[in-house]
Amino acid sequence: MNDSDLAAVYGILSIVWLFAIAIGVFQIIGVWKMYKKAGIPGWHSLIPVLNIYDWLRMAGFNAIWSLIGSVGTILGIIFIAVESASNNENAMAVSAVLMFILGIIAVVLQIMSCFKIAKRFGQGIGIGFLFLLFAPIMCMVAGFSKDWTYHPVM
């Protein structure tokens with residue numbers, strides 16, 4: 001690659017990064033407003049593990065599932081890192097299976113939480129699919145819409 005090719009690649013990557021940062025900022029603002037509607041302090045949307053925990057609690061999951069969803073994946077990553085440093089192939093296989101199972105649990109919890117949150121905000125299945133596909137936009141809509149109110153018990 002010559003210098004002009006690298007400059008083009010860096011330019012494209014810069015645009016992608018700026019776009020990703022903008023989406024992240026919109027997501028944080030929307031979740032902040034949603035949390036405030038649900039009676040959760042908005043700053044919880046800034047802390048990754050606490051954010052997942054509160055998202056699942058807002059969806060109606062009990063504390064155990066919320067802890068599994070928020071802490072389980074991080075523990076799986078740490079377990080894989082420790083076991084890969086030991087060069088034990090059996091331990092690495094166990095770590096990979098554990099991480100796979102925790103990842104599936106996290107994905108299933110996220111899918112279920114999108115539909116449950118839509119229901120908690122008085123919306124239907126279609127809005128749950130939109131939460132699943134376009135979370136930053138739907139968080140902004142739920143957070144800023146005067147028509148959407150949070151119902152803690154459904």
Side-chain angles (χ1 to χ4, degrees), residues 9 12-85 90-154:
V9 168
I12 291 171
L13 288 176
S14 298
I15 292 170
V16 169
W17 271 104
L18 288 174
F19 185 69
I21 289 171
I23 289 174
V25 168
F26 281 123
Q27 178 93 20
I28 289 170
I29 292 169
V31 172
W32 186 300
K33 292 295 283 183
M34 285 177 63
Y35 281 3
K36 288 189 73 145
K37 277 188 176 183
I40 300 169
W43 61 267
H44 285 199
S45 65
L46 300 173
I47 302 172
V49 174
L50 184 59
N51 182 14
I52 297 168
Y53 178 80
D54 285 336
W55 179 269
L56 293 172
R57 294 284 292 163
M58 186 173 63
F61 288 100
N62 62 24
I64 300 297
W65 283 109
S66 296
L67 284 173
I68 289 171
S70 59
V71 178
T73 304
I74 293 170
L75 289 178
I77 292 169
I78 292 170
F79 189 59
I80 285 176
V82 169
E83 293 302 322
S84 65
N90 291 332
M92 292 266 306
V94 169
S95 299
V97 169
L98 175 68
M99 189 61 195
F100 181 73
I101 291 169
L102 290 172
I104 288 176
I105 290 171
V107 167
V108 168
L109 284 173
Q110 180 63 31
I111 291 169
M112 290 172 57
S113 71
C114 286
F115 292 103
K116 287 182 159 212
I117 285 176
K119 186 177 179 184
R120 294 272 173 126
F121 277 95
Q123 306 302 314
I125 293 175
I127 298 297
F129 276 111
L130 289 176
F131 260 111
L132 190 59
L133 298 175
F134 306 108
I137 296 169
M138 295 310 296
C139 289
M140 292 288 280
V141 170
F144 285 99
S145 176
K146 302 289 185 204
D147 297 332
W148 291 28
T149 57
Y150 180 74
H151 306 287
V153 179
M154 294 297 284

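Numbers here simply count residues along the sequence, with the first being 1.
Aromatic ring pairs are classed by plane angle as parallel below 30°, tilted from 30° to 60° and perpendicular above 60°; the pair Phe131 and Trp148 is tilted.
We find the NZ-OG distance between Lys33 and Ser145 to be 11.5 Å, quoted to the nearest 0.5 Å. Rounding to the nearest 0.5 Å places CD1 of Ile40 at 9.5 Å from CG of Asn51. Here the OH-NZ distance, from Tyr150 to Lys37, works out to 12.5 Å after rounding to the nearest 0.5 Å. To the nearest 0.5 Å, the span separating NZ on Lys116 from CZ on Phe121 amounts to 15.0 Å. Between Met112 atom CE and Leu132 atom CG the span is 12.5 Å, to the nearest 0.5 Å. The CD1 atom of Ile137 lies 9.0 Å from the CZ atom of Phe26; values are rounded to the nearest 0.5 Å.
The shortest heavy-atom contact between Gly122 and His151 is N-CD2, 4.1 Å. In plain terms, the two heavy atoms of Gly124 and Ala118 that are nearest each other are O-CB, 3.8 Å. In plain terms, the two heavy atoms of Met34 and Ile117 that are nearest each other are CE-CG2, 3.7 Å. Pro136 and Ile23 get closest at one heavy-atom pair: CG-CG2, 3.6 Å. Between Cys139 and Gln27, the closest heavy-atom pair is SG-NE2, 3.9 Å.
Residues Trp65 and Leu109 are in side-chain contact: their nearest non-hydrogen atoms beyond the backbone lie under 4.5 Å apart.
Using modelled atom types, one side-chain atom of Tyr35 and one backbone atom of Trp55 make a donor-acceptor pair closer than 3.5 Å.
Applying the 6.0 Å contact sphere to CG of Leu133 captures more than 12 heavy atoms from other residues, nucleotides or ligands. Heavy-atom neighbours of Ile21 CD1 from other residues, nucleotides or ligands within 6.0 Å: above the threshold of 12. In the displayed structure, Phe100 atom CZ is contacted under 6.0 Å by at most 12 heavy atoms of other residues, nucleotides or ligands.
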Apply side chain to side chain contact (heavy atoms under 4.5 Å, CB included) to the pair Trp43 and Leu50, showing each step before the final yes or no.
CA-CA 10 Å; Trp43 61 267; Leu50 184 59; 4.1 Å; yes

